[in-house]
Asks: 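Dumping the structure here so I can ask a few things about it.
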Amino acid sequence: MELYIHIPFCIKKCEYCDFLSGTSTESERARYSEAVMKELFLYADDFKDEIVTSVFIGGGTPTFLEADRMVRIMECVHSYYNLSSDCEITIECNPKTATLDSLYKYREAGINRISIGLQSVNSDELKLLGRVHDYNDFLRTFENARKAGFQNINIDIMTGLPGQTEEKLQKTLRAVYMLRPEHISSYDLIIEEGTPFYDKYASDLIRRDRGEETLLLPNEELEEKLSNQVEDFLISHGYHQYEISNFARPDKECRHNKGYWERVPYLGIGAGSASLIAEHRWNNVRDVYKYMEAIENNELPKVCLHELSKNEAMEEFFFLGLRKNEGVNRLDFENYFELTVDAVYGEVLRRLKSENLLIENAGQIYLTKRGRDVSNFILADFLLD
Amino acid sequence: MDQSHIRNFSIVAHIDHGKSTLADRMIEKTGTLTEREMQNQVLDNMDLERERGITIKSQAVRLIYTAKNGEEYIFNLIDTPGHVDFNYEVSRSLAACDGAVLVVDATQGVEAQTLANVYLAIDSNLEVLPVINKVDLPSAMPDRVAEEIENIIGIEAMDAPRISAKTGLNVEDVLEHIITDLPAPTGDAKAPLKGLIFDSFYDPYKGVIAFVRIFDGTVKAGDTIHFMASCAEDLAIEVGYFGAGRMIPCDELSAGMVGYIAAGIKNIRDARVGDTVTLKSNPAKEALPGYKKVNPMVYCGMYPADSAKYPDLRDALEKLQLNDAALQFEPETSAALGFGFRCGFLGLLHLDVIQERLEREYDLDLVTTAPGVIYKVHKTDGEVIELTNPSNLPDPAEIEYMEEPVVDAEIMVTSEFIGSIMDLCQERRGEYISMEYIEENRAVLKYVLPLNEIIYDFFDALKSRSRGYASLDYEFKEYRRSELQKLDILINKEVVDALSFIVFADSAYSKGRKFCEKLKTTIPRQLFDIPIQAAVGAKVIARETVKAYRKDVLAKCYGGDISRKKKLLEKQKEGKKRMRQIGSVEIPQEAFMSILKLDEE
């Protein structure tokens with residue numbers, strides 16, 4: 001199984017962000033980390049026979065939490081759960097929030113992978129996104145991470161930014177490649193409702209969805225070019241794409257991330273975190289105060305608890321699994337669900353193959369390049385009635 | 001109760017002039033309901049009507065009023081539908097009355113429908129009692145409106161009660177005037193039974209229930225009744241009258257009374273509006289005048305979005321037909337849409353009502369094709385086809401000529417908008433007949449207009465070009481010869497039969513171009529380019545392209561929370577479900593109706 005720990009604090013929320021995150025006071029952070037440790041404890045007994053193969057500390061900005069508090073959280077993880085010897089333990093980090101000192105502390109606490117949110121090396125783009133750091137802050141953080149002994153580092157970049165050109169993206173790609181990180185995530189900017197970006201770009205978004213010319217956002221053609229540029233660049237520089245948005249050096253794929261697509265059971269700790277355990281999905285309550293109060297009263301603040309039906313599990317098998325470049329395996333499906341793939345999805349697969357959107361090779365079913373580009377359109381076909 | 005203490009009347013008004021509100025107040029004042037029981041607008045008991053603020057099916061209510069002279073009177077208030085689609089039903093409801101209360105809005109004055117309805121009332125030999133409503137509003141001009149009523153309609157109105165149905169002001173005056181100004185019925189209770197059906201509905205327990213006005217004779221439960229037009233016969237299981245919102249059984253209905261007869265018959269066609277009920281044992285010599293079988297004017301195709309629901313759609317239409325003798329349907333097949341029905345309606349409102357009821361009450365997802373009128377196709381071999389579905393148009397070589405229905409239209413408009421309304425009628429191929437100033441700054445424009453120009457968003461255009469002030473009334477006139485063509489739409493190079501429509505030859509090009517543009521915005525992008533073409537015969541006259549999706553990737557799912565991703569996919573799938581697969585292209589349901597919105601700019 002995997003563990004996810006959510007730290008919902010940031011120096012300041014970015015303009016495009018709709019994740020659970022926000023500003024905080026020192027006492028709120030203290031109270032919250034106590035609650036996280038207690039929640040780890042409350043679940044400990046349930047999972048005493050399980051092996052934890054990955055831990056991911058995400059946010060928000062986990063490195064904004066005082067490093068000593070993080071160390072204590074990690075002590076709880078180690079003492080309540082059985083971590084495998086090669087357990088991947090990742091912390092997300094924003095440049096400017098992690099000092100060399102804290103990075104050493106994370107390493108000592110057993111954290112062996114760090115994921116740094118860079119997004120772009122161009123200061124105009126960083127400013128537009130509302131990021132609190134500049135390129136130099138990032139460089140310093142990266143060097144410090146290496147110095148502290150991190151040998152597995154991810155860098156997040158973004159495409160589809162307003163005003164982004166192929167030249168600007170190339171600059172970011174070159175700068176990132178110079179550092180030879182083990183892993184690179186590249187996400188298209190998604191403009192989510194309820195963010196300042198949505199107010200700014202909603203009308204442009206509608207134009208783009210219709211395939212019309214845009215005013216501020218890259219038009220669809222450029223958007224596609226930019227994400228192809230990332231793929232081409234990274235693949236020709238020794239990274240392989242193992243998932244729509246993720247690239248890695250050999251053997252450096254993010255185990256935790258792959259787990260999500262492979263439906264490895266995971267337990268979410270902290271406000272708003274998601275869990276998948278024994279074909280049940282739930283979330284913790286998103287409100288940080290409600291979360292803390294519940295935990296303090298020895299209650300588990302589960303919301304949206306839902307047992308997946310067999311159909312839902314089969315849907316997930318495909319719509320999650322097909323995000324990976326290697327796709328899904330026919331036998332895995334058949335062993336797990338005791339049904340043939342063809343009995344459930346024969347017709348969908350035939351049609352997608354005939355449209356060159358999907359390939360099957362020795363039992364491995366995966367999307368073509370074109371299929372990945374329009375995956376939203378395709379994956380909906382795997383929903384059952 | 002003797003007939004001198006009965007008054008049978010309707011309230012007639014233009015939409016929004018306060019008919020239903022006045023009815024509510026009268027029901028309140030007569031005390032058949034406590035205030036607590038009062039639902040807002042008791043007479044409009046369909047949700048749909050309430051939302052649209054109009055009354056669709058007529059209904060009747062019996063009120064007991066103790067007048068200022070201390071005597072008790074029975075008022076039978078017969079409600080009438082307020083839309084031109086239901087003119088015939090209005091005329092039968094009025095025929096069941098002896099008088100009519102004419103409600104005119106003190107701020108708006110006489111409108112086209114006021115006129116149309118009041119003429120219907122006068123044609124039915126009703127005494128008309130004018131009432132000026134909404135006098136509580138600051139912009140009310142009751143004296144001017146009274147003058148208008150006298151000048152335009154030609155009835156005495158200076159003493160008309162000036163009321164506010166909303167606040168209840170002077171509503172008692174209306175009740176008193178009804179006694180003094182409207183006549184009592186004068187039938188013969190001993191004569192053979194003559195009852196006029198002015199409405200009917202199907203009750204799953206009691207069978208068809210006919211709303212009747214008894215002109216002569218008496219009917220009681222156990223009598224064998226005979227419907228003179230349909231020739232149906234059955235036992236009257238129950239007779240009674242209408243309390244507010246419910247039926248109250250009684251021993252008998254006799255001359256002058258209004259009530260209902262529940263007969264065992266199962267088919268509403270056997271008890272059509274306008275038919276005369278008599279007794280089998282002692283039949284009337286002749287039926288009451290005015291019966292006619294109403295025929296649909298507007299047709300469209302209705303298809304289940306999910307083809308497996310075809311039997312459900314048929315069942316639902318059959319059930320609706322139980323209550324709606326004017327609704328017609330017959331099975332048809334479309335290459336694009338599969339199995340469905342060609343349905344006939346009195347007009348667009350009727351169509352809308354049925355469509356919404358199918359979707360709401362029967363939970364059906366429908367694809368409705370653009371409505372059209374009935375064209376007469378005269379073939380070279382002398383055969384005449386009544387064309388209700390454009391895709392059945394014979395080969396042009398076999399057509400001698402075609403005819404289309406035209407209507408007499410009356411549009412009432414204030415002088416500042418006369419020009420733009422005349423332009424509109426001109427664009428819609430109207431033939432100018434006359435213009436009459438009914439007062440200083442208001443005129444009635446008379447045009448002969450092709451019906452097919454009216455069903456395509458004419459109402460909306462009228463309203464927008466007159467800032468909502470113009471009002472329209474029309475009735476069928478005749479069939480006229482016209483230059484008509486079939487416009488076909490090709491999507492991805494295939495003709496989609498359900499999108500074909502008949503156009504006036506001169507406007508084929510502009511309609512084709514606009515329709516392609518409209519379809520381009522309605523058809524969502526897919527994984528390949530989709531050409532949309534409009535063609536007359538083999539000639540393509542317009543073309544647009546829906547560009548293929550280049551990219552459509554889901555956001556990351558953060559921290560393993562896949563709920564948003566699932567929602568997105570579900571939305572995507574729901575969207576696909578609401579579309580029809582035509583060849584390899586998915587076309588959303590709205591596309592089939594978008595022809596109606598070509599003039600929206």
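All chains are named by letter (A, B, ...) in the order of the sequence lines, taking the proteins before the strands, and each is independently numbered beginning at 1.
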Asks: Using non-hydrogen atoms only, which part of A:R351 is less than 4.5 Å away from chain B: side chain, backbone, both, or neither?
Replies: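 For A:R351, no heavy atom lies under 4.5 Å from chain B.
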
Asks: Take atom OH of B:Y310 as the centre, draw a 6.0 Å sphere, and report whether it contains more than 12 heavy atoms from other residues, nucleotides or ligands.
Replies: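 Enclosed: over 12 neighbouring heavy atoms sit under 6.0 Å from OH of B:Y310.
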
Asks: Please state whether the side chain, the backbone, both or neither of A:L357 comes within less than 4.5 Å of a heavy atom of chain B.
Replies: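 The side chain, not the backbone.
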
Asks: Is it true that a side-chain atom of B:K573 and a backbone atom of A:D381 form a donor plus acceptor pair closer than 3.5 Å?
Replies: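 Looks like no, no N/O pair under 3.5 Å.
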
Asks: Rounded to the nearest 0.5 Å, how far does CG of A:N283 lie from CG of B:D561?
Replies: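 B:D561 atom CG to A:N283 atom CG measures 4.5 Å (nearest 0.5 Å).
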
Asks: Per the side chain to side chain contact (heavy atoms under 4.5 Å, CB included) rule, which among A:F319, A:W261, A:Y260 passes with B:I562?
Replies: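 Among the candidates, only A:F319 passes.
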
Asks: Output yes when B:R525 and A:E220 qualify as a salt bridge under the 4.0 Å nitrogen-oxygen rule, no when they do not.
Replies: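 Yes, charged N to carboxylate O under 4.0 Å.
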
Asks: Under a 3.5 Å distance rule, please check whether A:R281 uses its side chain to pair with a backbone N or O of B:S563 as donor and acceptor.
Replies: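 Flag not set: sc A:R281 to bb B:S563 has no pair under 3.5 Å.
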
Asks: Can you tell me if B:K547 has over 12 outside heavy atoms packed within less than 6.0 Å of its NZ?
Replies: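 At most 12 heavy atoms, drawn from other residues, nucleotides or ligands, come within 6.0 Å of this atom.
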
Asks: Inspect the surroundings of OH in B:Y509 and state if more than 12 heavy atoms from other residues, nucleotides or ligands are less than 6.0 Å away.
Replies: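 No.
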
Asks: Keeping to residues at least two apart or across chains, list the side chain to side chain donor-acceptor pair (under 3.5 Å) pairs with something in residues 528-540 of chain B.
Replies: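 Pairs touching residues 528-540 of chain B that pass the test: none.
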
Asks: Supply the atom-to-atom distance B:L527 CG to A:N356 CG, rounded to the nearest 0.5 angstrom.
Replies: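 Nearest 0.5 Å value for the CG-CG distance: 11.5 Å.
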
Asks: What residue in A:H256, A:E223, A:E221, A:R372 has the most heavy-atom pairs under 4.5 Å with chain B?
Replies: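 Counting heavy-atom pairs under 4.5 Å, the top option is A:E221.
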
Asks: Would you please name every residue forming a ring pair (Phe, Tyr, Trp, His ring centres under 6.0 Å) with A:Y291, sequence neighbours left out?
Replies: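 So A:Y291 forms a ring pair (Phe, Tyr, Trp, His ring centres under 6.0 Å) with A:Y32.
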
Asks: Which bit of A:E315 is near chain B, if near means a heavy-atom gap under 4.5 Å: side chain, backbone, both or neither?
Replies: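 The side chain, not the backbone.
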
Asks: Check the surroundings of atom NZ in A:K369: do more than 12 heavy atoms from other residues, nucleotides or ligands lie under 6.0 Å from it?
Replies: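 Yes, NZ of A:K369 has more than 12 neighbouring heavy atoms, counting only those of other groups under 6.0 Å.
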
Asks: Roughly how far, to the nearest 0.5 Å, is the CG atom of A:L383 from the NZ atom of B:K571?
Replies: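 Rounded to the nearest 0.5 Å, the NZ-CG separation comes to 14.0 Å.
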
Asks: With a 4.5 Å heavy-atom cut-off (strictly below), which parts of residues 224-232 of chain A touch chain B? List them by number.
Replies: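 Heavy-atom contacts from residues 224-232 of chain A to chain B are A:E224, A:S227.
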
Asks: Taking only Lys NZ, Arg NE, NH1 and NH2, and the carboxylate oxygens of Asp or Glu, determine whether B:K566 and A:E316 approach each other closer than 4.0 Å.
Replies: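 The answer is no: the pair does not qualify as a salt bridge.
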
Asks: Applying side-chain contact (heavy atoms from CB on, under 4.5 Å), can you list everything that pairs with B:K486, at least two apart in sequence or on another chain?
Replies: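 side-chain contact (heavy atoms from CB on, under 4.5 Å) check on B:K486 returns B:L393, B:D488, B:S500, B:I502.
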
Asks: If you draw a 6.0 Å radius around NZ in A:K353, do more than 12 non-hydrogen atoms from other residues or ligands fall strictly inside?
Replies: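 Counting other residues, nucleotides and ligands, NZ of A:K353 exceeds 12 neighbours.
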
